[in-house]
Asker: 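Before I ask anything, here is the structure I am working with.
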Amino acid sequence: QVQLVESGGGLVQAGVSLSLSCTASGRTFSSYAMGWFRQTPVTAREFVASISASGVNTYYSDSVKGRFTISRDNSENTVYLQMNSLKPEDTAVYYCAAITPFSDSEIYFSSHMYEYWGRGTQVTVSS
């Protein structure tokens with residue numbers, strides 16, 4: 001089992017950058033594919049980005065492609081989400097999640113497939 005803890009959220013103005021981190025407990029972090037999702041009080045949990053266990057492959061939602069970058073440091077048991085050019089519509093609670101993949105190159109974008117979730121970190125972007 002793995003425990004995930006997100007950090008780095010906050011209140012920022014539109015146009016600036018923010019970096020989120022998600023640190024995992026346990027020694028097998030490198031065996032998990034990781035994802036970032038977000039949710040508001042009025043929307044369902046939405047896929048943001050995913051990265052394979054190896055870190056080679058990444059995938060983004062259309063709404064963040066070109067602005068957000070997901071990366072991971074397996075030596076630090078941490079996955080990151082660099083968010084640039086933030087917009088008010090990026091306001092949400094951001095969650096990281098882990099899934100045991102079929103191979104270290106696979107990525108996943110369905111929230112229902114993920115096994116472990118963090119508790120989330122709030123990102124608020126003001127206009």
Side-chain angles (χ1 to χ4, degrees):
Q1 190 166 351
V2 62
Q3 293 184 329
L4 305 173
V5 179
E6 303 93 339
S7 61
L11 171 63
V12 297
Q13 290 188 327
V16 304
S17 299
L18 197 63
S19 181
L20 304 183
S21 300
C22 172
T23 301
S25 64
R27 300 181 179 179
T28 59
F29 174 76
S30 61
S31 66
Y32 293 99
M34 302 296 296
W36 284 98
F37 294 79
R38 65 188 183 186
Q39 188 172 17
T40 74
V42 296
T43 63
R45 193 162 294 188
E46 173 193 15
F47 169 77
V48 175
S50 178
I51 188 167
S52 60
S54 65
V56 170
N57 293 320
T58 58
Y59 186 75
Y60 300 91
S61 69
D62 288 343
S63 61
V64 307
K65 193 176 300 180
R67 299 189 297 122
F68 290 12
T69 302
I70 188 171
S71 62
R72 65 189 297 160
D73 184 340
N74 286 341
S75 67
E76 296 291 332
N77 283 11
T78 300
V79 61
Y80 304 95
L81 186 68
Q82 177 65 39
M83 305 184 294
N84 298 330
S85 302
L86 281 162
K87 304 176 182 180
E89 52 263 44
D90 294 319
T91 295
V93 177
Y94 283 71
Y95 299 89
C96 72
I99 179 174
T100 305
F102 289 104
S103 76
D104 66 1
S105 62
E106 293 192 339
I107 51 177
Y108 302 86
F109 55 86
S110 174
S111 63
H112 300 292
M113 300 183 71
Y114 280 81
E115 302 167 81
Y116 305 106
W117 292 84
R119 301 182 72 173
T121 184
Q122 176 71 46
V123 173
T124 303
V125 184
S126 64
S127 58

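Not measured: the values here are computed from a predicted model.
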Asker: How close do T124 and Q122 get, heavy atom to heavy atom, and via which atoms?
Answerer: OG1-NE2, 3.3 Å
Asker: Do the side chains of Y95 and L4 get nearer than 4.5 Å, heavy atoms only?
Answerer: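 Result no, sub-4.5 Å side-chain heavy-atom pair not found.
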Asker: Looking at K87 and D90, is any side-chain nitrogen of the basic one under 4.0 Å from a carboxylate oxygen of the acidic one?
Answerer: no
Asker: Enter the distance from W117:CH2 to R45:CZ here, rounded to the nearest 0.5 Å.
Answerer: 5.0 Å
Asker: Answer with yes or no whether the hydrophobic clustering places F68 together with F109; edges join I, L, V, M, F, W, Y residues whose side-chain heavy atoms lie under 4.5 Å apart.
Answerer: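 No, no single cluster joins them.
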Asker: Once rounded to the nearest 0.5 Å, what's the spacing between atom SG of C96 and atom CZ of F37?
Answerer: 10.5 Å
Asker: Can you measure from OG (S30) to CG (N77) and round to the nearest 0.5 angstrom?
Answerer: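 So the OG of S30 and the CG of N77 are separated by 8.0 Å.
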Asker: Side-chain heavy atoms under 4.5 angstrom apart, residues restricted to Ile, Leu, Val, Met, Phe, Trp, Tyr: same cluster for V16 and L81?
Answerer: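 Linked within one cluster.
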Asker: Under a 4.5 Å side-chain heavy-atom rule over Ile, Leu, Val, Met, Phe, Trp and Tyr, are I51 and V2 clustered together?
Answerer: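 They do share one cluster, since a chain of ILVMFWY contacts under 4.5 Å joins I51 to V2.
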Asker: T100 and E115: side-chain donor and acceptor closer than 3.5 Å?
Answerer: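 Note: T100 and E115 side chains meet the donor-acceptor criterion.
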Asker: Would you mind reporting whether M83 and L20 have side-chain heavy atoms less than 4.5 Å apart?
Answerer: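 Yes. Closest side-chain heavy atoms under 4.5 Å.
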Asker: Under 3.5 Å, is there a donor-acceptor pair between the side chain of S85 and the main chain of R67?
Answerer: no
Asker: Crowded around E106 CD? As in, over 12 foreign heavy atoms under 6.0 Å?
Answerer: yes
Asker: Please determine whether residues Y59 and Y114 belong to a single hydrophobic cluster, defined as Ile, Leu, Val, Met, Phe, Trp and Tyr linked transitively by side-chain heavy-atom distances below 4.5 Å.
Answerer: yes
Asker: Using 0.5 Å steps for rounding, measure from the OG atom of S50 to the CD1 atom of I107.
Answerer: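 Reported to 0.5 Å precision, the distance equals 5.5 Å.
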Asker: Can you give me the closest heavy-atom contact between N74 and A53, atom names plus distance?
Answerer: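 Shortest heavy-atom separation between N74 and A53 comes out as ND2-O, 3.3 Å.
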Asker: What are the two closest heavy atoms between A92 and R38, and how far apart are they?
Answerer: CB-CB, 3.7 Å
Asker: So which heavy atom on N84 is nearest to which on S17, and how close?
Answerer: OD1-OG, 2.8 Å
Asker: Is V48 reachable from L18 through a run of I, L, V, M, F, W or Y residues, each pair having side-chain heavy atoms under 4.5 Å apart?
Answerer: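 Cluster IDs for L18 and V48 match.
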Asker: With R72 as the cation and Y32 as the aromatic partner, state whether NZ or CZ is under 6.0 Å from the six-membered ring centre and within 45° of the axis.
Answerer: no
Asker: Y108: which residues meet the ring pair (Phe, Tyr, Trp, His ring centres under 6.0 Å) condition with it, sequence neighbours left out?
Answerer: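 With sequence neighbours excluded, Y108 shows a ring pair (Phe, Tyr, Trp, His ring centres under 6.0 Å) to no residue whatsoever.
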Asker: Nearest 0.5 Å, what's the OH-SG distance between Y94 and C22?
Answerer: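 These two atoms lie 14.5 Å from each other.
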Asker: Which heavy atom of K65 sits nearest to which heavy atom of Y60, and what is that distance?
Answerer: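 Shortest heavy-atom contact: CE-O, 3.8 Å.
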Asker: With a cut-off of 6.0 Å (strictly less than), are more than 12 heavy atoms of other residues, nucleotides or ligands near OH of Y116?
Answerer: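 Correct, the count exceeds 12.
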Asker: Check the pair V56, S105 against side chain to side chain contact (heavy atoms under 4.5 Å, CB included), reporting the backbone distance first and the verdict last.
Answerer: CA-CA 7 Å; V56 170; S105 62; 5.9 Å; no
Asker: If I take atom CZ from residue F47 and atom OG from residue S63, how far apart are they, to the nearest 0.5 angstrom?
Answerer: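 Taking CZ in F47 and OG in S63, the distance rounds to 9.5 Å.
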Asker: Donor-acceptor pair, T58 side chain versus I70 backbone, under 3.5 Å?
Answerer: no
Asker: Which pair of non-hydrogen atoms, one from A14 and one from S127, has the smallest distance, and what is that distance?
Answerer: CB-CA, 4.4 Å
